[in-house]
Amino acid sequence: YNPQPQVDYNQFAHIIGMYLQAANNRPAPLPAERPIVKEPERFSGNAPKKLRTFLLSCELVFETQPRTFARDETRIMYAISYLTDSAHAWIEPYRSDPNPATRPVFLNDWQEFRAELIAQFGEIRPEQNVEMQLDGLMMKETDTVRNYAIQFNAFARDTGWDAVAL
């Protein structure tokens, strides 16, 4: 009497072959989906309040396409492509300078470029403007508490005041 079962190696090889074929025929995993974000609206430089939205829109594009926008220079070129009117007139002499050694640092560093845009086209005293808006905020009869709270929280965040002051 032989207690060990007989192994049919041909059948075993056939089963392994079928398994490997099935594994090779599996569809490739789908690439991770990126959220689709809206392209930024063009920024003219004529409406300082729109600069914040413009920068946020650019940064959302950068975050959803990190490989495309891995380099600061690419981010800056992208943002420049959306500048019009006075904002474009401001950047044009810097971009057309044929000597890279004389170009300003802000053309190579996104944070510097962002800061320069804010210095050139942002609100003069944004904290003071927000404080005045917060001070004048009133809930209209036709408005909802939710809309009032959204406006209040947006203004409150930008004042830099702590919870006690608010």
Side-chain angles (χ1 to χ4, degrees), residues 26-140 142-166:
R26 274 190 308 184
L30 295 174
E33 290 188 32
R34 295 184 305 213
I36 297 172
V37 297
K38 187 177 112 175
E39 297 288 316
E41 291 186 24
R42 297 195 174 279
F43 180 71
S44 68
N46 299 327
K49 290 183 178 184
K50 292 185 177 183
L51 179 57
R52 184 178 188 169
T53 302
F54 172 74
L55 291 171
L56 177 63
S57 294
C58 287
E59 289 170 349
L60 285 173
V61 171
F62 303 158
E63 287 177 27
T64 58
Q65 300 177 43
R67 287 187 179 156
T68 303
F69 296 103
R71 296 179 50 236
D72 281 356
E73 292 86 352
T74 308
R75 292 174 178 209
I76 293 165
M77 284 189 287
Y78 179 83
I80 288 173
S81 74
Y82 285 91
L83 299 181
T84 63
D85 301 333
S86 60
H88 185 267
W90 162 74
I91 198 66
E92 195 274 328
Y94 297 115
R95 287 289 305 153
S96 61
D97 184 352
N99 184 358
T102 59
R103 286 186 179 176
V105 172
F106 68 79
L107 287 179
N108 298 316
D109 182 292
W110 171 252
Q111 292 305 323
E112 292 287 331
F113 180 78
R114 190 179 191 288
E116 192 65 26
L117 269 178
I118 292 168
Q120 295 296 324
F121 301 104
E123 294 182 77
I124 306 273
R125 292 189 39 116
E127 303 85 18
Q128 185 178 25
N129 291 341
V130 170
E131 289 171 11
M132 289 186 334
Q133 288 176 313
L134 185 59
D135 190 42
L137 183 64
M138 294 181 8
M139 188 169 149
K140 300 172 189 160
T142 58
D143 212 351
T144 64
V145 172
R146 178 182 36 164
N147 286 343
Y148 177 85
I150 289 169
Q151 285 183 311
F152 178 86
N153 288 331
F155 292 148
R157 178 195 66 231
D158 292 342
T159 63
W161 295 349
D162 63 13
V164 174
L166 291 170

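Keep in mind the model is a prediction, meaning the values are calculated, not measured.
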Using the test side-chain hydrogen bond (donor to acceptor under 3.5 Å, both in side chains), find all partners of T68 that sit at least two apart in sequence or belong to another chain.
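Applying side-chain hydrogen bond (donor to acceptor under 3.5 Å, both in side chains) to T68 gives none.
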Residue E41 excluded, over 12 heavy atoms near CD under 6.0 Å:
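At most 12 heavy atoms, drawn from other residues, nucleotides or ligands, come within 6.0 Å of this atom.
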Considering all heavy atoms of both residues, which atom of [X] and which atom of [Y] are nearest to each other, and what is their separation?
X    : Y    : result
L117 : W90  : CD2-CZ3, 3.7 Å
V105 : E112 : CG1-CG, 4.3 Å
I76  : D109 : CD1-N, 3.5 Å
L55  : R114 : CD1-CG, 3.9 Å
C58  : P40  : SG-CG, 3.9 Å
I118 : L51  : CA-CD2, 3.6 Å

If you take the centroid of each ring, where Trp contributes its six-membered ring, are F62 and W110 closer together than 6.0 Å?
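Centroid separation for W110 and F62: below 6.0 Å.
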First locate atom [atom1] of [X], then atom [atom2] of [Y], and finally report the distance between them rounded to the nearest 0.5 Å.
X    : Y   : atom1 : atom2 : result
Y82  : M77 : OH    : CE    : 14.0 Å
L83  : E92 : CG    : CD    : 12.0 Å
E73  : I80 : CD    : CD1   : 11.0 Å
D72  : F69 : CG    : CZ    : 12.0 Å
Q111 : R75 : CD    : CZ    : 8.0 Å

Side-chain donor or acceptor of S57 paired with backbone N/O of E39 under 3.5 Å:
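The answer is no, because no donor-acceptor pair under 3.5 Å joins these two groups.
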Between R103 (side chain) and P98 (backbone), is there a donor-acceptor pair under 3.5 Å?
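Pair absent, no side-chain N/O of R103 close to backbone of P98.
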F113 and F106 aromatic ring geometry - parallel, tilted or perpendicular at 30°/60° bounds:
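Tilted: the ring planes of F106 and F113 meet at 30° to 60°.
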Between I91 and L107, does a side chain to side chain contact (heavy atoms under 4.5 Å, CB included) hold up when you go through it step by step?
CA-CA 9 Å; I91 198 66; L107 287 179; 3.8 Å; yes
